[in-house]
Structure formats: structure tokens, C-alpha cells
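Below is one structure; the comments refer to it alone.
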Amino acid sequence: MGDCIIFTRDMSERKNPYPFDIFEPAWQATWDAEKTFKVLNPGEEGFDASKPKCYILDMFPYPSGAGLHVGHPEGYTATDIVSRYKRMTGFNVLHPMGWDSFGLPAEQYAIKTGQHPSITTYANIDNFRRQLKMLGFSYDWDREIATTDPAYVRWTQWIFLRLYHSYYNEELKKACPVSELEAKGWTREQIDNVRLAYVAEGMVNWSPDMGTVLANEEAEEWKSKGHIVERRKLRQWMLRITAYAERLIDELEPLDWPESIKLLQRNWIGKSTGAEVNFSCNGKTITVYTTRPDTLFGATYMVLSPEHELVNEITTAEQKEAVTAYQAACASKSDLERTESKDKTGVFTGAYAVNPVNGKEIPIWIADYVLTGYGTGAIMAVPAHDSRDYEFAVKFGLPIIQVVQPDNAETPWQDFCGYDGTMVNSEHLNGLSVPEAKQQMIAWLEEKGYGCGKVNYKLRDWLFSRQRYWGEPFPIVWNTKDGNHYAIPESELPLLQPEMEDFKPSGDPRGPLVKATQWIQYSEECTRETNTMPQWAGSCWYYLRYLDPKNEKAFIDPEVEKYWMGGTNPGGVDLYVGGTEHAVLHLLYARFWHKVLYDYGLVSTNEPFNKLVNQGLILGEDSQKMSKSRGNVVNPDDIVREYGADSLRLYEMFMGPLKEVKPWQTKGVEGISRFLARVWRVAMVENQEGEWVLSGKITAEDNDEVTPVRKEVHKTIKKVTEDIEDMSFNTAISKMMECTNAMTSASAVTVSDYVQLLHVLNPFAPHITEELYSVLRKQFTTLPACQLCQQTWPEFNPEYLVENTKEIVIQVNGKLRDKITVAADAPKEELEAAALASTRVQEFTAGKTVRKVIVVPGRLVNIVAN
RNA sequence: GCCGGCUUGGCGGAAUGGUAGACGCGCUCGACUCAAAAUCGAGUUCCACAAGAGUGUGGGUUCGAGUCCCACAGCCGGUACCA
């Protein structure tokens, strides 16, 4: 050791305000090794059946190559706080985590890097797991699942087979096995037409560049990412979600979900009540759907969609050419082109239909503003009271007949689409209100046999197949002799994709699996279905598999399911937190599957998620959406390295209300870090050697003296308890800051007061609180030996919150003029007298007459004078 | 267009119809230091003190409105010819 080297500390190597870099990983290792947050199932040894259950669920992440972004810890910290709190208040808490690991991005990434998707997927999962453990979340990691695991795929396919073997029994309003229909002598074809999982040829969203079809719900999203999505007629697997439309709306009602999300789902399902009306045309019947049967007397023409099956039959020879040309033009248009321009187009077919209410003949047109897939694909046009019909009629010079007179005389009747009106020009309906006329007309149509009341939904069946490699293969084979599809036996599940060198989509609408020639050949007569399921399949039921993730005999043990999902009405997951992006997709699909499982008695509730909370998006520091291209992405790894996991957790909860959209501010993380450092320094001091040791400030001396610090502690316990219950984490943290500030300025703090603060802070900042507690316990040996997180949540003593005196606000004409301090229980008269005696009050009432004095005991006195 | 949501200091945000701006950031001043950082303390809605004004705008209810009612504007999100 010859030379003496002097180290100068770089600013970037500045010492941490408290040694989180040492103790955070240490506590994480302890929790891992001791399985601190493992929760037992009923039937397992040591399970405590006397405790109530609480199932707290996060939307599991899609393990992308980019790793966690700061949006993930937002919801995950919120649920972690509630989970830790619930454990301390005596619940068996199920708080699991897993991976939504199938899906297009994983496959796109694999293709790009030339690696097999399973390799990249599992590497990404390892990274995500590392990042989540680094944040100290209290998951029961023994329940971890990945949707790509063969043991999971097996049961996803098993549920699919349930759907395949089921139909919707309209009488019982539930799913039933198709074997019932077989027994009744239904033909194979008839049965295939009612299965909940069925094959149909139809117009679908096909993306040539991704080489797959997409669900209606997904098409827009991928389009916005720059992919091409066009309409193409293909044979695809569908799930009959429309059978559940009614229940998906009705059973939404009692759930504790944000109203806005319920509304989004209701709008997506799009229920409308109206009638089908039969018009005749040269002996043929054309049925139209309308929500306004009351306006039938105002129907001046009819419109069929260009694809309507009767168009060719009714078109006259003179109009044939124009009609065919128009049909061809529509067919070549992409969806986008069709919606881009709202200019009305259409052609006359030359044919006329007879309006059943008055026998009048009205012309039949075709136009692409009438959609094939909704209602009957044909409408009666009432231009006076429908904006689209009005626009069309004006453009093509069709007659407009008023049948509703708006109640508000100033509103013109043309293009009046409201319901607050009275019927005119409508024979027997004249004088009725719109709702009355609607009812009356439906009754009339039904009586005369011209039509019937009818409910329609915008919701379409769910396009369930994809032409990709990285998804669950369908457990289905095709018989080349009879051309039918058959389920493979359950004993052959899971059916995994074959190992393939080349799994790229080839543009073949049968998907890349067709290239696995050996795998395809199931038997001499049968070949395998080569489509795979969409990513949603795995996420539709993952919350159920957590209950019993290792069960090889069943998808869940019924007793276990009953315990975690059953319970008080409506039951299910007690708290589900995630982003709004899943408002209509995942949440609708999962509800649908759950209902099918419920119909079979496989789950005990008709809804999976009793309470749903959407966390708000975290924006970049520039208040823009975080994105790589903007360069405003915050990486949790960097924040944890610099400020520690507790700071990141606490900051994300302190930013503002969980549900709101809020911008990231790294300066705010610093503030939180300072707060935690202050909590640390209440008990700890750095000695000469630069080591942190207990300071003398924490005293064992403990009597019942109600010090200001003790009052503050109990106020804090009260506030934090209430705030966790309604997930107002930001205000809970403010209160803990105030409490800490009180301790910082106090000359001494008793160990019991300090430990109680650590206790309520523990769910928010588990590492620092456990560390401080373990250090304290070395000196204060009477403290319980177990970790804080295993102890009981503290209760506040109401006696400590009672104030002897109160500050009363004195107002003159509603404006603050003075404040007085009086006994907390001072009677009204005393307050009034004291207020009137105030010199400030006299100043402001001088020359005026006191008209009235309002006294709110404990709060204020308002003197009204003029 | 339609349907939701939001709008409070320089910034993030707090306020059972009852002191608007808790808590934090930033800033200013002070203590400590040779100095700085860190830390601690004081201050910080606007305006020149008092007075006054003030929660997107305009009205209303009330002794009293950020909070309730009516109308409007701006921003964000969803949806888009669904008869």
C-alpha cells in the first residue's frame, strides 16, 4: 500500500438518504424464502376456516420484451396495499400473479429475432417476475401461472370443448349439452347450427400483413398501430356470445363497477327494442327491423342493404344494370372506405313494397347505409323522423311525410327524431304520445300478423380463430370423408403446437400450422384443425385457475372454488384492478365464459368480478402518453435503483387519486424519498463510522399520557384505515407525512407510537417499515417477534381524538372575519354571544342591523347583517 | 354527431353545503458549512398594506356553493350510418 489514493465522490454516487439498496433486496429474499404471503386452500393442512376470504386480483400482464412500465406498479401497488391491509385485519387473502403469455406481439417479436416464441416468452416472464419481486408485492408466488404452460393450455382447451359441446337453451336461458338435442333426434347439421362454438363462413377482418383474422373488437386497435385490416370472406370458428347478450346486460346491473364501464359494455352490446314488420313485394315478404314502429305511417320508401338476399329477385330489368354496378362498387370497398364518407349513396331497384298499415306502395332502394349484419338488413325509411333517412330522401327527392308533432312548438318537425311528440297523419295512432303509439302499433302488428315486437343487439358473435402459431390449437379434427368436425377426447389434452422451424404466417388463411404435415395427420381419416385461439382465450379464465393452479384432475376443485369465489351476493373476485383498455374486450369475454361455466355448475357465481376499479393512465412528464417515440417513458428499474422500491410504490400512490389520469414527476419521487428518509431518521442516526444506528429519540417509557404525537398517531390510524377502505391512498400518505413531521419535531417518541406509524405505513412501504421494526426489536425486546405484515392492524383510541377546545369561525354575511377558540362543547348561546362580542365582527356590522345569526356548533357562527 | 369523464396556486393535488389551496414539488429567506450538497426552521393563491378578488364561463338555489340545479365553453377518452 504505497500510494495513498483519495477518492472524490462523484455526485452520481451520492449516498442514499437511507440504505434501501441493502435492505430492500434482503426483505424480498426473506419473503421469498419463508413464503410469507403463501395462502392455503380449504382442505390443506393449517388452513384457517374461521377467517373470511378476500380475493384481490390484478389484471395479469402481457410479458412484453420492453419489461414493466410505470403503469403496471400503479394498479399493482394499490391491490398490494389492500391485500396487506386485509391480511392484517384478519382475512385469508388470495393475491396471485401470472402471465398472459400467448399473443401476437410475442410472435411478431419471435419472427423478428428469429427465436422460437417460447424462448422469448419465458425470458420475458423471468424479467417481469424479477421486476415485480423487486417491488415487494405480496403475491403468493406458488400460484403463478402462464397461459402458455401446457398444464394451463389443457384446461383452456377443456373449456373450449365445453362450449363446443353446448348450445343455448332459450327456455332455460342457459347453456345445455348438445347431447340433449341428439337424444331428441336432431341432425348433425341442426346441432352444428346451435353450438356455442361453431364454424361459419362470413365476412371477417383479415390482416394480410399479419396473416390472420381479427375480432371486431380488435380490428381498430391493430389498424391504429399501422397494420392493414380488410374484409374477407373466410370460414372461421365463432363463439356464440350473442346468446348471452341479454344476460350480459342484465347481470351487469348489481356489480360494483364504475358506471362508465358498465355503460361502455351496455353500448357495446347495444340493446334496442322495436319491431319487425313484414312488407310484401310481388308475393314475397320483406321483413324490416325498426325501433320506431310508431312512425310506420311515415314510411315513404324502403332500403335494403346491397348484400340483401332478395335484391336480385325483386330488381326490375330496367334497373338491373345500375343495381349490379352499385353492388359491385360496395363489395370492392373496404370497411374503412365505407365508413370514411357519410355521403348517402344508393340506387332504386324498380320494385315497390306494400306498407301493411295503409296498403300504400313505396319504392325499394338499395344503399350501403343499411348494414347487412344488423336487424334484417332492411329498413323502412321514415325521412321525417330519422336523420339518415332524411338526408337520403333530400338527396334523391323522395317524399317526406310528417307523423310526429314535437311537443316543443319551436322544434321543426322535419328531421325530428325525439320521443317527446304526438302522433299525426297516422290514423288510429293520432293523438297518442310516441311511447304509447309504439306500444299500440306493436300490438296492432301482432294482432294482424304483420309483424311482432323484437329486441336486437349490436353485439356480434365472437370471431375466435386466428391463423397464428403462438396460440392454443383447437382440440378439433376434421373428417375428410364426411367433412365434419369432431372434438378430440379430453384424454388427449393438452394439444400443443408442433415444434416448427418455420412458424411464420405464409398468407395462407389456414395458418402456419398447415406446414406441420405430420402433426396435422390425426388419423387415416382425420386431419387437425390448424387455426389457433386468440390471446383472449387464456385471459378469459385465469382468475379461476389461480384458485387451484396445480390441480391435474379438474380445472378447479369445487370446494376450493366455492370458498374463494362464493360468499355474499353477488360473490366472485372481491377486488379487480386494471386499466380501462379492457372495458369491452377482456371483461366481456371473461364474463361470457364465466356464465357458461356457471350454467354447468362449475363455478358458484354468475359473474366473475364483483368489484372493478380502473386505475388512471400515467402520462409522461410532458403530460403526453408515454411512448418510445416521444422519449418520455419512465423505466421502473431506474427509479428503484435511484430511490428504492418503497419510494416508487409510495410515489405512484401519492400522485393523485388512483382512478385519475396523472402526469409523472420525477421530482415528486424525490419528495417521497425524503419523506421515507424522515421516517427513517426518527429512529436512526448515522454514527462516526457512517453506520446507521438507533438514535436515543425512541423511548421505551410508555404511559397513558396523551401527548400531541400520540394524538397525531391515532388520527393517522383512523385516517389511513378509512382511506385504504375507499382506496384514497394519496390522502392516507399525506396524513402519514403529517404524523412523521410531528415526530421529527418532537424531542422524544415512544416506541409504541412509532411502531404504530410503521404499522399503518407497512402496506404502502413494506421494506423500510419491516427493516425499522426489526432494528427496534433488538433494543425493545418485548415487541412481538413476527414481521409487521403478520401482525394485527392497529386500532385508534377514540378518546385520544377528543379535543377539549375548538376553533370556531366567525363570518359576517358569509365572509370570514374572525376566529375564536372555545370549549369543544360550548352551547349555541355562548357561541353566538362570543361572536357578537368580537371586535372584528363589530367593525363589520357597524351601522348595520343584525338580521339573523346562524350557529353551527363546533364549526362556525355566521352573522347576517345589513 | 352521439355517449362518458375532467376543468381548483407556478406544478401534482386536498376540501361530510361551513376557514378554499391539506400534503408534496418548485421557489424565497434563515440556521449549519470555508463553501456546496444534504438536513433543519420560516414563508409562499393574486393584488400595494388594509380593503378587495379568487375553484373554466354565465345564471340560479342557500345565511353560506369548488361542492347542489340550469345553460355554455375548453380538454381527454369511447363510439361512429346499428334503423
Side-chain angles (χ1 to χ4, degrees), chain A residues 9 11 14-15 17 220 258-264 266-268 270-272 274 288-292 295 303 305 338-339 341-344 367-382 385-389 391-392 417 456-460 580-581 583-584 616-617 619 621 623 625 650-651 654-657 659-672 674-675 677-678 681 728 730-738 740-741 744-745 807-819 844 851-856 858-865:
Chain A
R9 243 198 200 131
M11 289 287 279
R14 202 166 56 218
K15 198 171 173 195
E220 280 310 313
E259 269 316 307
S260 59
I261 300 293
K262 287 190 188 180
L263 195 67
L264 231 47
R266 270 188 225 112
N267 289 347
W268 190 266
K271 181 178 179 171
S272 65
V288 301
Y289 176 70
T290 177
T291 55
R292 295 294 300 273
T295 61
V303 188
S305 73
R338 217 166 142 155
T339 50
S341 156
K342 288 214 173 119
D343 264 356
K344 296 284 178 290
D368 69 354
Y369 83 89
V370 173
L371 309 175
T372 317
Y374 184 78
T376 60
I379 62 151
M380 62 175 210
V382 184
H385 308 295
D386 181 285
S387 310
R388 296 150 303 181
D389 297 343
E391 211 185 304
F392 193 84
C417 308
N456 255 321
Y457 297 93
K458 283 204 281 184
L459 185 71
R460 306 294 153 83
T580 354
E581 66 273 21
V584 282
L617 199 65
L619 304 173
E621 294 215 65
S623 289
K625 221 174 189 168
L650 213 57
Y651 172 65
F654 186 63
M655 292 172 83
K659 294 167 197 167
E660 303 297 320
V661 179
K662 34 203 183 275
W664 179 271
Q665 293 184 318
T666 299
K667 281 283 183 195
V669 189
E670 275 179 39
I672 283 291
R674 277 203 279 271
F675 158 61
R678 275 203 302 279
R681 288 196 312 267
S728 304
N730 53 332
T731 49
I733 295 166
S734 307
K735 191 66 212 170
M736 292 188 280
M737 286 173 168
E738 288 180 280
T740 305
N741 291 344
T744 300
S745 29
E807 194 184 53
I808 302 292
V809 167
I810 316 268
Q811 297 180 333
V812 176
N813 293 332
K815 286 195 174 134
L816 173 71
R817 295 305 180 190
D818 202 2
K819 292 174 190 177
F844 282 93
R851 302 285 174 194
K852 202 172 177 185
V853 180
I854 287 127
V855 182
V856 183
R859 277 205 181 272
L860 59 65
V861 179
N862 187 14
I863 295 157
V864 186

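Just so we're on the same page: letters track the sequence lines, and every chain starts at 1. Here the structure is a predicted model, which means the values were calculated and not measured.
- The phosphate of B:A83 has neither OP1 nor OP2 within less than 4.0 Å of any side-chain N or O from A:Y369.
- For A:S272 and A:Y374, the side-chain atoms include at least one donor-acceptor pair closer than 3.5 Å.
- Between A:F392 and A:Y369, the ring-plane angle classifies as tilted under the 30° and 60° cut-offs.
- In terms of position along RNA chain B, the nucleotide closest to A:S623 lies nearer the 5' end than the nucleotide closest to the other residue of the pair A:K271 and A:S623.
- Annotation: salt bridge (charged side-chain N to carboxylate O under 4.0 Å, His left out) contacts of A:K271 (sequence neighbours excluded): A:E246.
- Applying the 4.0 Å criterion to OP1 and OP2 of B:A53, one finds that A:K815 has a side-chain N or O inside that range.
- Of the nucleotides present, B:G30 is the one that pairs with B:C40 by Watson-Crick or G-U wobble criteria, both distances under 3.5 Å.
- In this structure a side-chain-to-backbone donor-acceptor pair under 3.5 Å is missing from A:N267 to A:G270.
- Closest approach to the A:L263 side chain among B:G78, B:A83, B:C3 is made by B:C3 (side chain taken as heavy atoms from C-beta onward).
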Taking only nitrogen or oxygen atoms into account, show me every contact under 3.5 Å that the protein makes with nucleotides 13-19 of chain B, one pair per line with its distance.
from, atom 1, to, atom 2, distance (Å)
B:A14, OP1, A:N730, ND2, 2.9
B:U16, O4, A:R859, NE, 2.8
B:U16, O4, A:R859, NH2, 3.3
B:U19, O2, A:K819, NZ, 2.7
B:U19, N3, A:E807, OE1, 3.4
B:U19, O4, A:E807, OE1, 3.1

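- If you check B:C25 for Watson-Crick or wobble pairing at under 3.5 angstrom, you find it paired to B:G10.
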What's touching nucleotides 40-43 of chain B from the protein side, N or O pairs under 3.5 Å?
from, atom 1, to, atom 2, distance (Å)
B:C40, OP1, A:R681, NH2, 3.1

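- Among the atoms of the strands shown, only primed sugar atoms or phosphate atoms (P, OP1, OP2) are found under 4.0 Å from some heavy atom of A:G671.
- Between B:A51 and A:R817, no contact under 4.0 Å exists linking OP1 or OP2 to a side-chain N or O.
- Residue A:K458 is in base contact, counting any heavy-atom pair closer than 4.0 Å across all strands shown.
- Nearest-nucleotide assignment on RNA chain B puts the 5′-proximal partner with A:P17, out of A:I379 and A:P17.
- Nucleotides B:G60 and B:G13, compared at atom C1', are 30 Å apart to the nearest Å.
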